[in-house]
Amino acid sequence: MKARGIFSSIILGGALVLSQALSSCSGEAPVLQNIRAVQIQRQAPEGKGYSLSVFAAVQDSDGFEDIEALYIVKDEEELFWKLDPESWTKKDIEGSAWIGSNGISLAGSEAFPEGSYRLIIVDAAGEKAEREFNLDKAGWEGLSLKANLEGDKLDIVGSSALQSFQILFLDASGRTLFTVDGKKGSQSISQICAQYQEYSIAHAITVLALHANSRQALMSQRLSLK
């Protein structure tokens with residue numbers, strides 16, 4: 001999900017219109033319970049790149065299906081991203097519905113600017129919930145991650161600062177189908193994902209390794225399952 005470059009006309013220029021439209025709608029606003037934001041350094045054949053993983057725990061009194069869009073806004077740099085049910089990933093964690101993406105990115109391979117971001121949830125009635133989160137400057141020196149897949153065996157090697165590992169199963173378009181916990185060392189792909197029906201349509205995997213500070217992570221190259 002790339003940043004959109006027409007921020008000023010849609011978000012800044014349209015802020016008053018958007019506010020008026022939302023205030024004219026009836027119904028209860030959705031509830032934005034929590035936000036998790038992690039900066040990711042991605043490995044790829046052409047070199048390193050950066051993306052942002054943002055997930056929000058949300059509720060809506062009219063049901064989760066009533067939520068129509070998630071916006072992420074960086075006012076100073078005039079950047080914004082939009083996710084909808086076709087582009088976000090949904091996770092159910094301890095009774096809460098989390099929506100977001102691991103693939104929010106900027107044009108090129110640059111890292112994300114530091115500072116304050118706004119996350120906005122909008123439902124079908126036009127009601128919204130908004131909350132801020134911050135990105136600190138990330139330090140990537142000394143961090144490394146290697147993932148190798150041979151047949152059914154996945155081997156993961158990572159720096160000591162990387163303390164939590166997830167294996168993302170992707171469809172042909174690169175969208176995440178489901179995620180399972182991984183570990184350093186060897187593991188059997190078929191065993192750890194036997195309970196997931198989507199495994200039959202998974203085309204590739206990638207490993208996401210979370211830093212001990214919980215604010216940054218490394219992501220391996222995609223490894224083909226086909």
Side-chain angles (χ1 to χ4, degrees), residues 1-5 35-56 67-72 74 79-93 97-112 117 119 135 138 140 143-156 158 162 164-182 187-190 192-211 216-226:
M1 176 63 64
K2 298 289 185 182
R4 304 206 176 186
I35 298 173
R36 295 177 182 173
V38 179
Q39 300 178 71
I40 300 174
Q41 186 183 82
R42 308 172 73 102
Q43 301 173 354
E46 61 272 16
K48 296 176 181 177
Y50 298 88
S51 63
L52 187 64
S53 172
V54 177
F55 281 84
I67 298 173
E68 288 197 337
L70 182 158
Y71 294 90
I72 299 166
K74 185 74 169 76
L79 299 170
F80 86 101
W81 298 260
K82 178 185 178 182
L83 299 174
D84 58 27
E86 295 299 316
S87 57
W88 69 43
T89 297
K90 179 176 179 287
K91 301 179 180 180
D92 294 308
I93 303 175
W98 291 77
I99 56 174
S101 173
N102 288 316
I104 298 167
S105 61
L106 293 165
S109 59
E110 58 187 300
F112 278 74
Y117 291 70
L119 190 148
L135 291 184
W140 303 104
L143 297 180
S144 64
L145 172 67
K146 293 183 180 179
N148 183 58
L149 181 64
E150 291 188 6
D152 185 55
K153 187 179 75 170
L154 173 65
D155 289 311
I156 299 175
L162 303 176
S164 176
F165 297 84
Q166 293 184 328
I167 305 169
L168 284 61
F169 288 76
L170 314 174
D171 65 14
S173 69
R175 183 175 180 178
T176 301
L177 295 169
F178 62 94
T179 302
V180 298
D181 291 334
Q187 47 238 285
S188 167
I189 290 296
S190 60
I192 62 176
C193 64
Q195 68 190 69
Y196 296 92
Q197 295 181 349
E198 299 98 327
Y199 177 53
S200 62
I201 60 172
H203 279 244
I205 61 172
T206 186
V207 176
L208 182 66
L210 185 65
H211 194 283
Q216 62 190 103
L218 298 186
M219 181 173 281
S220 73
Q221 295 188 36
R222 292 184 184 180
L223 304 172
S224 177
L225 293 171
K226 303 295 183 180

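Only heavy atoms go into these numbers, but all of them, side chains included; no hydrogens, no water, no symmetry mates. Here the structure is a predicted model, which is why all the values come from computation and not from measurement.
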Any idea which heavy atoms bring [X] and [Y] closest together, and the distance?
{"X": "V54", "Y": "A37", "result": "CG2-CB, 4.2 Å"}
{"X": "I192", "Y": "Y196", "result": "O-CE1, 4.3 Å"}
{"X": "Y50", "Y": "R42", "result": "C-CD, 4.3 Å"}
{"X": "L162", "Y": "S144", "result": "CD1-O, 3.3 Å"}
{"X": "E86", "Y": "R175", "result": "O-NH1, 2.8 Å"}
{"X": "Y199", "Y": "I189", "result": "OH-CG2, 3.7 Å"}

Review point. Taking the inter-plane angle between the rings of F112 and Y117 on a 0 to 90° scale, is it parallel (under 30°), tilted (30 to 60°) or perpendicular (over 60°)?
Key: tilted
For K146, I'd like to know if atom NZ has over 12 heavy atoms of other residues, nucleotides or ligands within 6.0 Å. no
Is there a side-chain contact between [X] and [Y] (heavy atoms, below 4.5 Å)?
{"X": "L225", "Y": "H203", "answer": "no"}
{"X": "M219", "Y": "L168", "answer": "yes"}
{"X": "S220", "Y": "T206", "answer": "yes"}
{"X": "Q187", "Y": "I156", "answer": "yes"}

The single option from L208, L145, L210 that satisfies side chain to side chain contact (heavy atoms under 4.5 Å, CB included) with L218 is L145
Across all chains, not counting sequence neighbours, the ring pair (Phe, Tyr, Trp, His ring centres under 6.0 Å) partners of F165 are none
Interatomic distance, [X] atom [atom1] to [Y] atom [atom2] [nearest 0.5 angstrom]:
{"X": "L170", "Y": "S224", "atom1": "CG", "atom2": "OG", "result": "10.5 Å"}
{"X": "T179", "Y": "K91", "atom1": "OG1", "atom2": "NZ", "result": "4.5 Å"}
{"X": "T176", "Y": "N102", "atom1": "OG1", "atom2": "CG", "result": "5.5 Å"}
{"X": "Q221", "Y": "N148", "atom1": "CD", "atom2": "CG", "result": "11.0 Å"}
{"X": "F55", "Y": "L83", "atom1": "CZ", "atom2": "CG", "result": "9.0 Å"}
{"X": "D171", "Y": "F178", "atom1": "CG", "atom2": "CZ", "result": "11.0 Å"}

Please assess Q216 against I40 for the test side chain to side chain contact (heavy atoms under 4.5 Å, CB included), listing each intermediate value before the final yes or no. CA-CA 6 Å; Q216 62 190 103; I40 300 174; over 6 Å; no
### Message
Between L79 and L106, is the side chain to side chain contact (heavy atoms under 4.5 Å, CB included) condition met? List the steps.
### Response
CA-CA 9 Å; L79 299 170; L106 293 165; 3.6 Å; yes
Check whether W81 reaches the backbone of S105 with its side chain - one donor and one acceptor, N or O, closer than 3.5 Å. yes
Show, in sequence, the C-alpha distance, side-chain angles and deciding distance for K82 and L70, and conclude whether the side chain to side chain contact (heavy atoms under 4.5 Å, CB included) test is met. CA-CA 6 Å; K82 178 185 178 182; L70 182 158; over 6 Å; no
Margin query: For K48 and W140: C-alpha separation, side-chain torsions, deciding distance, then whether side chain to side chain contact (heavy atoms under 4.5 Å, CB included) applies.
Written below: CA-CA 11 Å; K48 296 176 181 177; W140 303 104; over 6 Å; no
